[in-house]
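Accompanying notes for the structure given below.
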There are 2 protein chains.
Amino acid sequence: MRYAVYISKERLAAQSRTDFDAFMATCPTRQVVSTLGDKWAGLVVNALAGGPKRHGELMRRINGASQKMLTHTLRTLERDGLVSRSVTPTVPMRVDYELTALGRDVLPVLAALKAWSEAHIMEVLEARDSYDAARAMGETPN
Amino acid sequence: MRYAVYISKERLAAQSRTDFDAFMATCPTRQVVSTLGDKWAGLVVNALAGGPKRHGELMRRINGASQKMLTHTLRTLERDGLVSRSVTPTVPMRVDYELTALGRDVLPVLAALKAWSEAHIMEVLEARDSYDAARAMGETPN
DNA sequence: CAGTATCCACCAGGATACTG
DNA sequence: CAGTATCCTGGTGGATACTG
């Protein structure tokens with residue numbers, strides 16, 4: 001997910017429902033997944049589920065994200081209307097990020113994704129192991 | 001979603017639950033999303049929801065995917081145990097792809113994602129519009 | 001028909017250094 | 001503190017041509 005295929009909402013509204021399957025470029029699901037699927041977005045949204053957080057808090061909480069990517073992820077989420085950004089112009093400045101109503105609305109979906117992943121990750125990993133093992137030796141899938 | 005960060009299931013099992021939030025590299029959700037989020041995977045799984053399909057059928061159905069990416073997507077899904085591949089060695093050969101039990105199990109999650117996307121895509125697009133409009137003119141977020 | 005092989009463009013994302 | 005700027009890499013994914 002990672003293609004910036006943005007179409008106008010006018011054009012989208014003009015499309016028939018069946019076109020969604022035919023042309024993925026304009027598929028709403030892909031547009032959403034391309035944001036939510038990007039490496040850190042899910043983590044950030046989850047981190048913000050507990051309430052507003054400052055930039056630094058998120059940095060410490062996410063662990064592994066560079067400021068660049070954290071900032072970029074926050075910008076994308078803000079642009080998509082899932083997160084709001086509020087600046088307090090003190091010195092040093094203070095910036096708080098918070099989920100919008102739309103952002104809070106995604107939480108259940110993310111939770112469902114997370115629940116499924118945790119419930120089935122072992123099966124997936126085992127499938128990978130046996131698949132890889134089969135190729136490793138001379139093509140004997142057993 | 002797109003980083004091949006694969007860890008052994010032994011190592012995963014050894015981790016405490018809290019580590020999942022701290023180190024995304026081993027986060028089950030990310031592992032699953034990195035497969036499902038990749039450009040065509042969702043479309044393919046959805047296309048297979050209606051029953052087994054041949055390679056050519058999928059090509060025509062997905063519309064826009066190159067054979068390379070379709071094949072690659074199918075291989076990844078097969079490796080992850082979501083799709084099974086069966087070859088009939090006739091001339092010309094015939095290959096059928098089918099969702100496994102695990103694959104069918106993801107459908108509800110995908111459906112939830114799709115439902116949310118279609119329900120809220122307009123809000124997202126509008127948010128993008130006003131965000132972009134605000135930057136376009138001299139920084140007047142209104 | 002169902003792939004594989006090769007070449008190539010693009011951009012996500014990391015590292016590092018600097019600013020208001 | 002919260003960013004921006006720059007450089008650099010590796011992987012994704014498209015186009016095209018070829019094979020069993």
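The sequence lines fix the lettering, A, B, ..., with proteins before strands; numbering per chain opens at 1.
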For [X] and [N], give me the distance from atom [atom1] to atom [atom2], rounded to whole Å.
X      : N       : atom1 : atom2 : answer
L58(A) : dA2(D)  : CG    : P     : 9 Å
M59(B) : dT4(C)  : CE    : P     : 14 Å
D38(A) : dG14(C) : CG    : P     : 11 Å
K39(B) : dC11(C) : NZ    : P     : 11 Å
H72(B) : dG11(D) : NE2   : C1'   : 10 Å
I62(A) : dG13(C) : CD1   : C1'   : 15 Å
L43(B) : dG13(D) : CG    : C1'   : 14 Å
W40(A) : dC11(C) : CH2   : C1'   : 17 Å

Which heavy atom of [X] sits nearest to which heavy atom of [Y], and what is that distance?
X      : Y       : result
A47(B) : I62(B)  : CB-CD1, 4.1 Å
R30(A) : D38(B)  : NH1-C, 4.2 Å
S84(A) : T100(A) : N-CG2, 3.7 Å

**OP:** For nucleotides 15-20 of chain D, just jot down a letter per nucleotide in 5' to 3' order: B, S or -, based on protein non-hydrogen atoms under 4.0 Å.
**Re:** BBB---
Applying side-chain contact (heavy atoms from CB on, under 4.5 Å), can you list everything that pairs with [X], at least two apart in sequence or on another chain?
X       : answer
A127(A) : none
T29(B)  : K114(A), S117(A), C27(B), V33(B)
V124(A) : R128(A), D80(B), L102(B)
V87(A)  : R85(A), M93(A), V95(A)

Subject >> Y97(B) vs dC1(C): side-chain N/O to OP1/OP2 distance below 4.0 Å >> reply: no
Original post:
Name the one of T76(B), V45(B), T73(B) that satisfies side-chain contact (heavy atoms from CB on, under 4.5 Å) with W40(B)?
Top reply: T73(B)
**OP:** Could you note down all residue pairs passing salt bridge (charged side-chain N to carboxylate O under 4.0 Å, His left out) where residues 97-110 of chain A supplies at least one of them, sequence neighbours left out?
**Re:** none
**OP:** Look at the side chain of M69(B) and decide which nucleotide, out of dG13(D), dG3(C), dG3(D), has an atom nearest to it.
**Re:** dG13(D)
Original post:
Heavy atom of residues 44-56 of chain B under 4.0 Å from DNA chain D: which residues?
Top reply: none
**OP:** Could you check R60(B) against T71(B) and say which one's nearest nucleotide on DNA chain C is further toward the 5' end?
**Re:** R60(B)
**OP:** Would you indicate whether the side-chain heavy atoms of L99(A) and L82(A) approach each other to under 4.5 Å?
**Re:** no
Subject >> Beyond-backbone contact of L48(A) with L77(A), side-chain heavy atoms, under 4.5 angstrom >> reply: no
**OP:** Rounding to 10 degrees, work out the angle separating the end axes of the helix from dC1(C)-dG20(D) to dG20(C)-dC1(D) (five pairs an end).
**Re:** 50°
Subject >> Residues touching DNA chain C, which here means a heavy atom under 4.0 Å, drawn from residues 82-91 of chain A >> reply: none
Side-chain donor/acceptor pairs under 3.5 Å, residues 64-71 of chain B, sequence neighbours excluded:
| from | atom 1 | to | atom 2 | distance (Å) |
| --- | --- | --- | --- | --- |
| S66(B) | OG | M69(B) | N | 3.3 |
| T71(B) | OG1 | Q67(B) | O | 2.9 |

**OP:** Could you name each residue pair satisfying ring pair (Phe, Tyr, Trp, His ring centres under 6.0 Å) that touches residues 60-116 of chain B, not counting sequence neighbours?
**Re:** W116(B)-H120(B)
Subject >> Partner residues of R94(A) under the salt bridge (charged side-chain N to carboxylate O under 4.0 Å, His left out) criterion, sequence neighbours left out >> reply: D96(A)
